[in-house]
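Worksheet: the structure to be examined is printed underneath.
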2 protein chains.
Amino acid sequence: MKKRDYPKPSVTVDIVIFTIKGDDLKVLLVKRAIKPFKDIWAIPGGFVRMEEDLEKAAKRELEEETGVKNVYLEQLYTFGEVKRDPRGRVITVAYFALLPQIKTRLRATADVSEARWFSVKKPPELAFDHLKILKYALKRLRWKLEYTTIAFSFLPEKFTLTQLQKIYEIVFNKKFDKRNFRKKILSLDLLEKIKEKKKGAYRPASLYKFKKKIGEIIEVL
Amino acid sequence: MKKRDYPKPSVTVDIVIFTIKGDDLKVLLVKRAIKPFKDIWAIPGGFVRMEEDLEKAAKRELEEETGVKNVYLEQLYTFGEVKRDPRGRVITVAYFALLPQIKTRLRATADVSEARWFSVKKPPELAFDHLKILKYALKRLRWKLEYTTIAFSFLPEKFTLTQLQKIYEIVFNKKFDKRNFRKKILSLDLLEKIKEKKKGAYRPASLYKFKKKIGEIIEVL
DNA sequence: CCAAAAGTGTTAGTGATACACCCATGT
DNA sequence: ACATGGGTGTATCACTAACACTTTTGG
């Protein structure tokens, strides 16, 4: 039996890409080169192609914007209100991604004149319902950081406990007690101390690495 | 600027509807009356209409199947693999709903020859990737029961602590200690003891009601 | 008075928090 | 020798888990 073709909504994937730079949690935003919301900042995304899985579409967009592969990526929520896009019915499957503190080459594309990292503390005016999406992503990020091991996704392979603690302090925007933090992290038995030490000024810190493979996230509830 | 119309995926909402009957957690399934997967059981759902919000579509489907309104409903996940529907590209936004133990009038529709409650312990063969969706919903249900107050969504307005405990025991498929359970629940200060007692054989149990309005779910982490 | 479910406290162990000083290195 | 971040232990408190008997009612 063949079904008549009813009009269909458009489907996009948008990706809230977080990273940590300096003392700030940053989100990647793009400036729209086309209407609607021309010259307004937005969460990067694009239409889902017919022949590509949703998650693959998200990965493609992520790589197009940042040049980065193999990072933590998770589906966030699907936004499907009728009136959220003035052009017509658009359903957006939002993802969020965490990038380690590496140099990314941000790229402009046909629809986008500029891409930049913004502190989540003071985002610019955002197109569509993207502020809502960003807030939702932040909530989920904090939650995941508390109850899983995704924090490691922000770090390079080798890192110090102080670096790790700083990730938590930045994301939650508060200080933690050094001894308690270390006790708790080490008691989870997720880290391996490696011989190497961090070079640089002052007393060198021990480097650790995550025992599990990259991308393997553990619930530590 | 008008964008050319590219081919678009179809979008459906499917709803995993749970309730508790007797000593079993049940899920509502429908038998498909049309191809593909004709006469195979499936999670109820349907196409999203252009002029209706996603969540509204889910509520409509829910009411069509069960005649019930105002129940707990939450977006679960969006399934968007290319090959998940043999008819072509279909993206499914899955929801899950919890029904109190009430008499529902299950309804057949044009696409559905029958609707029935199945124990989640032994579901029949399911169409499409619906087994995956069901498993995902179960996982989320258990999680939510542990860390929020959705358990009350399974109960009528007035209930006994034993009824509440039984919900937990059924969903987690294990026994809990009566004293510890009561202590914990009561310490959350969510329940109000009401004067009424449960009538029936043996010692009558105190009835309680949830202090918050229906649908108000609280994280109790 | 018997059957059945309701109701109730204490103890031990575990994990969370609060808190301050010495150490290793580079300059 | 000093400035800077690295590294460590203990005591208290709150929460969790284990465990068994008495009470109330209907029949």
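Residue numbers begin at 1 in each chain, while the letters A, B, ... track the order of the sequences.
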Checklist entry - What is the distance, rounded to the nearest whole Å, between atom CZ of F176(A) and atom P of dA18(C)? => result 12 Å
Item to check | Parallel, tilted or perpendicular, as decided by the 30° and 60° cut-offs, for the rings of F176(B) and F181(B) | outcome: tilted
Checklist entry - In whole angstroms, how far is the C1' atom of dC15(D) from the CG atom of D189(B)? => result 17 Å
Checklist entry - Whole-Å distance between dC15(D) P and F181(B) CZ? => result 18 Å
Checklist outcome for this item: Here the distance between atom P of dT16(D) and atom OH of Y168(B), to the nearest Å, is 13 Å
Next on the checklist: Donor-acceptor check, side chain of R84(B) to backbone of V90(B), threshold 3.5 angstrom: yes or no?
Outcome noted: yes
Item to check | Stepwise side chain to side chain contact (heavy atoms under 4.5 Å, CB included) test for Y72(A) and K144(A) | outcome: CA-CA 12 Å; Y72(A) 182 76; K144(A) 281 266 168 171; 4.0 Å; yes
Between protein and nucleotides 5-12 of chain C, what N or O pairs are separated by less than 3.5 Å?
| unit_1 | atom_1 | unit_2 | atom_2 | d |
| --- | --- | --- | --- | --- |
| dA6(C) | OP1 | T162(B) | OG1 | 3.0 |
| dA6(C) | OP2 | T162(B) | OG1 | 3.2 |
| dA6(C) | N7 | K178(B) | NZ | 3.3 |
| dA6(C) | N3 | R203(B) | NH1 | 3.2 |
| dG7(C) | OP1 | S206(B) | N | 2.9 |
| dG7(C) | OP1 | S206(B) | OG | 3.1 |
| dG7(C) | OP2 | R182(B) | NH1 | 3.3 |
| dG7(C) | N7 | K178(B) | NZ | 2.6 |
| dG7(C) | O6 | K178(B) | NZ | 3.3 |
| dT10(C) | O4 | K183(B) | NZ | 2.9 |

Checklist entry - dT14(C) P sits how many Å from K184(A) NZ, rounded? => result 17 Å
Next on the checklist: For the backbone of T160(B) and the side chain of Q163(B), can you confirm whether one donor and one acceptor N or O come within less than 3.5 Å of each other?
Outcome noted: yes
Checklist entry - With K26(B), which residues qualify under side chain to side chain contact (heavy atoms under 4.5 Å, CB included), at least two apart? => result T19(B), K21(B), D24(B), W117(B), S119(B)
Next on the checklist: Whole angstroms only, please: what is the CZ-P distance between F159(A) and dG5(D)?
Outcome noted: 21 Å
Checklist entry - Any chance the rings of F96(B) and Y136(B) have centres within less than 6.0 Å? => result no
